[in-house]
Amino acid sequence: MRTSRFLLSTLKETPADAEIISHQLMLRAGMIRKVAAGIYNWLPLGLRVLRKVENVVRDEMNDAGAQELLMPAVQPAELWQQSGRWEMYGGELLRMNDRHQRDFCYGPTHEEVITSLMSNEIRSYKQLPANFYQIQTKFRDERRPRFGVMRAREFVMKDAYSFHLTQDSLQETYEVMHTAYSNIFSRLGLGFRAVEADTGSIGGNASHEFHVLADSGEDAIAVCDKHQYAANVELAEALAIRGERPTANADLSKVETPDKHSIDEVAEFLNVASTDTVKTLLVVGEEHEVVALVLRGDHELNELKAEKHPLVKAPLTWASDEQINAVAGCSAGSIGTVELSVPVIADRSAANLADFVCGANEDGFHYTGVNWARDCAEPEVFDLRKVQAGDLCARADATSAANDDDVLSITRGIEVGHIFQLGTKYSEAMNATCLDQNGKAAVMPMGCYGIGVSRIVAAAIEQNHDERGIIWPTAMAPFQLVITPIGYNKSDEVKQACDRLYAELKDLGIDVLLDDRNERPGIMFADADLMGIPHRVVIGAKSLQNQQVEYKKRGAESAQDLPIENITAWLDTEIRG
RNA sequence: CGGGGUGUAGCGCAGUCUGGUAGCGCAUCUGGUUUGGGACCAGAGGGUCGGGGGUUCGAAUCCCUCCACCCCGACCA
């Protein structure tokens with residue numbers, strides 16, 4: 001491609017509404033343009049990258065035995081009514097009517113369509129297992145689209161759905177997909193991590209998310225390399241502190257804590273560590289009006305975990321000030337476990353404390369030297385808190401001596417893939433059965449496997465950029481190499497050398513960009529760096545006199561001079577290995 | 001959906017408080033000088049000041065209303 005024939009729409013200044021670096025750089029490099037909130041045009045440069053990602057995904061999916069098909073973006077309401085999601089799905093489902101006022105939606109996902117389709121096409125267990133995928137545009141009417149294509153309303157997704165006779169077969173395909181996903185992200189040159197994930201409302205047996213690691217990621221991931229454990233912090237299990245609960249030592253004592261409400265204020269005032277305090281949170285209960293959740297002072301509540309307790313009403317709802325006053329007789333900052341007449345659920349590490357500090361259920365007072373069993377009832381113990389960096393890994397041997405590499409670290413990630421074992425939720429609803437060996441109809445268990453193709457583009461930039469712009473991994477680069485002439489329109493020698501190299505590289509099948517604009521070198525360098533083209537060759541009259549050209553890898557410290565003689569072969573090796 | 005904010009040329013902004021008929025930088029076009037890290041000179045084009053309504057002799061500016069977009073909280077590829 002020649003720049004004179006290509007829509008280069010680079011911007012010197014950053015558009016004001018772009019907040020994160022990938023969004024800024026995609027706009028500045030001329031990859032995307034906004035049409036409406038969360039809806040984007042992909043310009044030729046951006047589409048090149050998107051297609052590269054799609055092709056890697058397609059290649060690996062095909063290798064893993066999946067078959068590509070294409071389903072419609074617009075789907076009839078009837079299918080969604082069968083699965084029950086027409087009512088359940090809420091505002092994210094973009095609904096519309098056709099000219100006959102029939103209900104349709106723009107597909108946010110395709111379980112309904114594929115299950116309906118395969119309930120007709122798959123007749124016999126001999127056709128199983130089968131895995132189908134598509135790369136297609138989805139629409140989810142997000143409450144708050146943001147970060148460009150990272151969280152868009154319209155986006156490109158690869159979604160796959162597998163059908164099975166048995167759970168074992170589903171498990172097998174699930175593992176094949178796990179491997180395929182790892183291959184995809186490796187080939188794309190991304191630093192990533194597969195993590196255990198919440199199965200959420202869909203249920204099912206297993207679920208993994210694939211995260212591209214980046215500081216700007218919206219998700220926090222707890223990782224332990226030693227035990228190869230990685231989980232979304234929404235899910236990551238928090239173990240109790242090592243060892244048994246110490247025996248009670250101190251006497252229960254009520255102390256004045258005027259105007260001290262937060263844990264930090266109380267701990268400082270009483271001159272104790274926050275790890276020797278507990279906080280008592282009142283939330284709306286399932287059977288009781290309120291229940292108490294007790295955490296160690298320095299810990300944070302994990303709301304998803306709390307919702308899983310049968311006594312806690314989901315979604316988690318905080319008790320009102322009136323309810324708190326009715327139950328505890330004080331305001332929120334002074335609630336404690338002593339003489340509290342509601343069910344008490346304590347986090348493991350809170351339950352392991354002795355001689356701790358808590359509120360006295362009277363404004364302005366706390367208790368010190370509080371002990372379970374002696375001063376208040378033994379609590380029900382439950383994993384309630386968010387894991388923190390430094391916590392013991394859930395797979396570590398809790399009885400062994402403390403060891404630095406047994407602990408979790410927290411990193412941030414961008415979710416780019418999610419694999420699920422769906423079970424029979426959809427196949428039952430849509431009556432997707434096939435005949436088994438005995439000629440009996442069997443409901444087919446299903447798996448589903450998603451990759452956010454357009455999100456990968458943004459995630460790759462979050463992970464690979466510098467102050468000059470994008471640094472594409474080779475597999476995703478819109479162009480693999482740019483030829484930057486110095487004086488293309490002035491010197492025939494330069495022009496000929498550039499044209500020749502361009503033609504030779506093109507013949508080798510390399511995506512090469514020749515910058516034949518009549519621009520100053522600084523502009524061409526800046527644009528090439530901004531667009532993130534991995535390899536650059538500069539050809540000017542001076543270096544040609546020495547039979548040399550200059551080569552620089554994007555992101556490298558400095559350039560090197562190379563003989564022009566074997567430059568094509570040398571570059572081919574450098575680019576394709 | 002709740003809370004906060006912003007809409008002025010393709011992009012970044014000033015002008016709004018205190019009403020007087022729209023400006024700066026970048027980009028674009030023409031001519032010239034330049035040519036190894038976003039050049040310089042001269043000229044040019046480009047604006048329903050988010051939309052509608054009102055107040056006024058006069059509205060980007062004041063008032064009402066609608067809309068769009070952005071940011072902070074619960075969801076997801």
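Labels below follow one simple rule: chain letters A, B, ... track the order of the sequence lines, proteins then strands, and each chain is numbered from 1. As the structure is a prediction and not an experimental result, all values here were calculated from the model.
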Over all strands shown, is A/Val156 touching base, sugar-phosphate only, or nothing at heavy-atom distances under 4.0 angstrom? nothing
Item checked: Whether over 12 other heavy atoms sit under 6.0 Å from A/Glu493 CD -> no
Side-chain atoms of A/Glu13 come closest, of B/A77, B/U34, B/G25, to B/G25
Rounded to whole Å, the CE-P distance (A/Met177 to B/A77) equals 17 Å
What's A/Thr109 touching, base or sugar-phosphate or nothing? Going by heavy atoms closer than 4.0 Å.
nothing
Regarding A/Asp219, tell me which of base, sugar-phosphate or nothing describes its non-hydrogen contacts under 4.0 Å with the strands shown. base
5'-most contact on RNA chain B (nearest-nucleotide basis), A/Glu154 vs A/Lys542, goes to A/Lys542
Check for me whether A/Arg95 meets the cation-pi criterion with A/Trp86, that is, NZ or CZ under 6.0 Å from the six-membered ring centre and within 45 degrees of the ring axis. yes
Atom CG of A/Asn518 and atom P of B/G32 are separated, to the nearest Å, by 12 Å
Regarding the side chain of A/Pro15, the nearest nucleotide among B/G38, B/A77, B/G12 is B/G12
Checking B/C13, B/C76, B/C69 against the side chain of A/Arg455 (C-beta onward), the nearest is B/C76
Under a 3.5 Å limit on both distances, the Watson-Crick or wobble mate of B/C1 is B/G73
Against the side chain of A/Arg151, the closest entry in B/U35, B/C75, B/C70 is B/C75
Applying a 4.0 Å non-hydrogen cut-off, can you work out what A/Lys138 is touching in the nucleic acid: base, sugar-phosphate, or nothing? nothing
Whether A/Phe479 and A/Phe6 hold their rings parallel, tilted or perpendicular, with breakpoints at 30° and 60°: perpendicular
Next item on the list: Mind checking A/Glu92 for me? I need base, sugar-phosphate or nothing, with any heavy atom below 4.0 Å counting as a touch.
Entry: sugar-phosphate
* To do: Check whether the ring centres of A/Phe210 and A/His178 lie less than 6.0 Å apart, and answer yes or no.
  => yes
request  = Please confirm whether any donor atom in the side chain of A/Arg536 sits under 3.5 Å from an acceptor in the base of B/G37, or the reverse.
outcome  = yes
Rounded to whole Å, the CD-P distance (A/Glu19 to B/C69) equals 17 Å
For this session: Indicate whether any N or O donor in one side chain lies under 3.5 Å from an N or O acceptor in the other, for A/Lys138 and A/Gln136.
Result: yes
The nucleotide from B/G37, B/C71, B/C75 with an atom nearest the side chain of A/Arg144 is B/C71
Using Watson-Crick geometry (N1-N3 plus N6-O4 or O6-N4) or G-U wobble (N1-O2, O6-N3), each under 3.5 Å, B/G38 is paired with none
Give one of base, sugar-phosphate or nothing for A/Gly417, where a contact means two heavy atoms less than 4.0 Å apart.
sugar-phosphate
The Watson-Crick or G-U wobble partner of B/U21, with both key distances under 3.5 Å, is none
Quiz item: Within the structure shown, what part of the strands sits under 4.0 Å from A/Asp527 by heavy-atom distance: base, sugar-phosphate, or nothing?
Solution: base
Whole-Å distance, A/Gln24 CD to B/C70 P, equals 14 Å
Students often get this wrong, so: under 4.0 angstrom with heavy atoms, is A/Arg28 touching a base, only sugar-phosphate, or nothing? base
In whole angstroms, the gap separating P of B/G38 from CD of A/Glu467 amounts to 15 Å
Under the criterion of centre distance below 5.5 Å and interplanar angle below 30°, is A/Phe525 classified as stacked on the base of B/G36?
no
Counting any heavy atom closer than 4.0 Å, what does A/Ala152 reach on the DNA or RNA strands: base, sugar-phosphate only, or nothing? base
Of the listed B/G36, B/A77, B/C69, the closest approach to the A/Phe155 side chain comes from B/A77
When rounded to whole Å, the CD to P distance for the pair A/Glu218 and B/C71 reads 11 Å
Under 3.5 Å side-chain donor-acceptor pair for A/Gln134 and A/Asp159: yes
Q | Any side-chain donor near an acceptor of the partner, A/Asp515 and A/Thr484, under 3.5 Å | A | no
In whole angstroms, the gap separating C1' of B/A77 from NE2 of A/His208 amounts to 17 Å
Does A/Arg146 make a side-chain N or O approach to OP1 or OP2 of B/C70 shorter than 4.0 Å?
no
Paired to B/G46 by Watson-Crick or G-U wobble criteria (both distances under 3.5 Å) is none
- May I ask you to check if A/Arg536 and A/Phe525 form a cation-pi contact, with NZ or CZ under 6.0 angstrom from the six-membered ring centre and within 45° of the axis? yes
Worksheet item: Any donor-acceptor pair under 3.5 Å joining the side chain of A/Glu519 to the base of B/G38?
Response: no
Taking B/U35, B/C69, B/G36 as options, the one with an atom nearest any side-chain atom of A/Asp17 is B/C69
Assign each of A/Leu11 and A/Arg143 the nucleotide of RNA chain B bearing its closest heavy atom; nearer the 5' end lies the nucleotide of A/Leu11
Of the candidates B/U34, B/C70, B/G36, the side chain of A/Arg520 sits closest to B/U34
Closest to the side chain of A/Arg140, out of B/U34, B/A77, B/G37, is B/A77
